[in-house]
Amino acid sequence: MKRIVSVSLGSSSRDHVAEAEILGERFLIERRGTDGDLRKAVELIRELDGKVDAFGMGGTDVYLVVGDRRFRLRASRPLVEAARVTPMADGSGLKNTVQRLTVEYLQAELRYPLAGRTAFVVCAVDAYGLAESLDRAGCRLIMGDFLYTLGLNIPLRTMSGLRWAAALLAPIITQLPMSMLYPTGQKQTERRARPPFTRYYQEADIIAGDWHYIYRRLPDSLPGKVVITNTVTTKDVEELRQTGAELLLTTTPEFQGRSFGTNVLEAIFVTLLGKRPQEVQPGEYERLMADMGYRPRVVRLQASGPTNP
């Protein structure tokens, strides 16, 4: 059995273990949170290096990918360097693809019309594929990058504006500690809705992006909303159901009650390919996704529960 361990800077209360068979190979998949402790995460990677088939990097990324530009995060470097033998996947090579396919699935398979709808993408630099796909489908965008990362109530509304902001801010943002950029540790379990965040949640038909950003400012009432995100637990799904939101799509499949992050899916794929992420050729991930019959997880929140139409 192949073993995948996602080492996350997030809360250990979100840890999960699952087994799955993917393309004829059995996998043991583990998520191990370190509660925001970078040193503990590095020690865990060193302890398991060479003993597992692939690592996932959770709670951070190696790169921010905006269009055809990549910006390397300084805060992630110790995690990458700690894995000397075992491949380390952060999901950046796969994220844009699964986000695009999820939006296509929402339109084509679930027949949800997107043209003219308003989509609040909580941090579009972190979910560029979602923002770009929603924009191409005719959505009116509200992008909260300045709001979530810098606390500035300056919504971005065009992809050109996002690319401009990324080029301007990336050289600064990529040098900051992860705790200033992303909810880590116990912050991932804290939920405090407040203005001006609530306004954009309520204004949107679709709320999209990383779950920890979404959850951090999640209002109590979101009747009829569609949520597109990544990694959620059973508890997260129930809390979202209580807000009155109508539909949840996650860009990664469910493994025994848990949607793991894109880093886990990429770690599975590099294990199947017998490669490191930087060795993967264009189209190889897509072929694996086609072979496994990839489709996003769909949960009809106000019906009987999880379904995959």
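In this text, all values refer to a predicted model and were calculated from it rather than measured experimentally.
Across every non-hydrogen atom of T231 and S259, the tightest pair is OG1-O, 2.7 Å. Of all the heavy atoms in V85 and G50, the pair that sits closest is CG1-CA, 3.9 Å. Listed here is the closest heavy atom pair of Q99 and D126: NE2-O, 4.1 Å.
The CD atom of E47 lies 11.0 Å from the CD1 atom of I45; values are rounded to the nearest 0.5 Å. Between atom CG of residue L130 and atom OG1 of residue T102 there is a gap of 7.0 Å, rounded to the nearest 0.5 Å. Here CZ of F269 is found 8.5 Å from OH of Y285. Values are rounded to the nearest 0.5 Å. For the atom pair CE (M57) and CG (D90), the distance works out to 6.0 Å, reported to the nearest 0.5 Å. Between atom OG1 of residue T229 and atom CD1 of residue I214 there is a gap of 4.0 Å, rounded to the nearest 0.5 Å.
No chain of hydrophobic side-chain contacts below 4.5 Å, direct or via other Ile, Leu, Val, Met, Phe, Trp or Tyr residues, connects V5 to M1. With hydrophobic clusters built from ILVMFWY side chains whose heavy atoms lie under 4.5 angstrom apart, I4 does not share a cluster with L79. V98 and L134 are assigned to two separate hydrophobic clusters, defined by single-linkage of ILVMFWY side chains at heavy-atom distances under 4.5 Å.
Open room surrounds CZ on R74; 12 or fewer heavy atoms of other groups in view lie less than 6.0 Å from it.
Annotation: cation-pi geometry satisfied between R117 and Y112 (NZ/CZ under 6.0 angstrom from ring centroid, within 45° of ring axis).
Ring geometry, F197 versus Y148: the interplanar angle exceeds 60°, so the pair is classed perpendicular (tilted spans 30 to 60°).
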Verdict with reasoning, N230 to T251, per side-chain hydrogen bond (donor to acceptor under 3.5 Å, both in side chains)
CA-CA 5 Å; N230 49 353; T251 57; over 6 Å; no
Walk me through it: do R84 and D49 pass the test salt bridge (charged side-chain N to carboxylate O under 4.0 Å, His left out)?
CA-CA 7 Å; R84 297 180 179 275; D49 193 27; over 6 Å; no
Is there a side-chain contact (heavy atoms from CB on, under 4.5 Å) between T86 and D53 once you walk through the steps?
CA-CA 6 Å; T86 301; D53 293 281; over 6 Å; no
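Between F255 and F27, a ring centre-to-centre spacing not shorter than 6.0 Å is recorded. Between H16 and F260, the gap from one ring centroid to the other is short of 6.0 Å.
Using a cut-off of 4.0 Å between Lys/Arg side-chain N and Asp/Glu carboxylate O, E238 and R241 are scored as salt-bridged. The pair E254-R297 counts as a salt bridge, with a side-chain nitrogen and a carboxylate oxygen less than 4.0 angstrom apart. One finds no salt bridge joining E43 and R39 here, because no Lys/Arg side-chain nitrogen approaches an Asp/Glu carboxylate oxygen to under 4.0 Å. Using a cutoff of 4.0 Å between basic side-chain nitrogens and carboxylate oxygens, K225 and E246 are not scored as salt-bridged.
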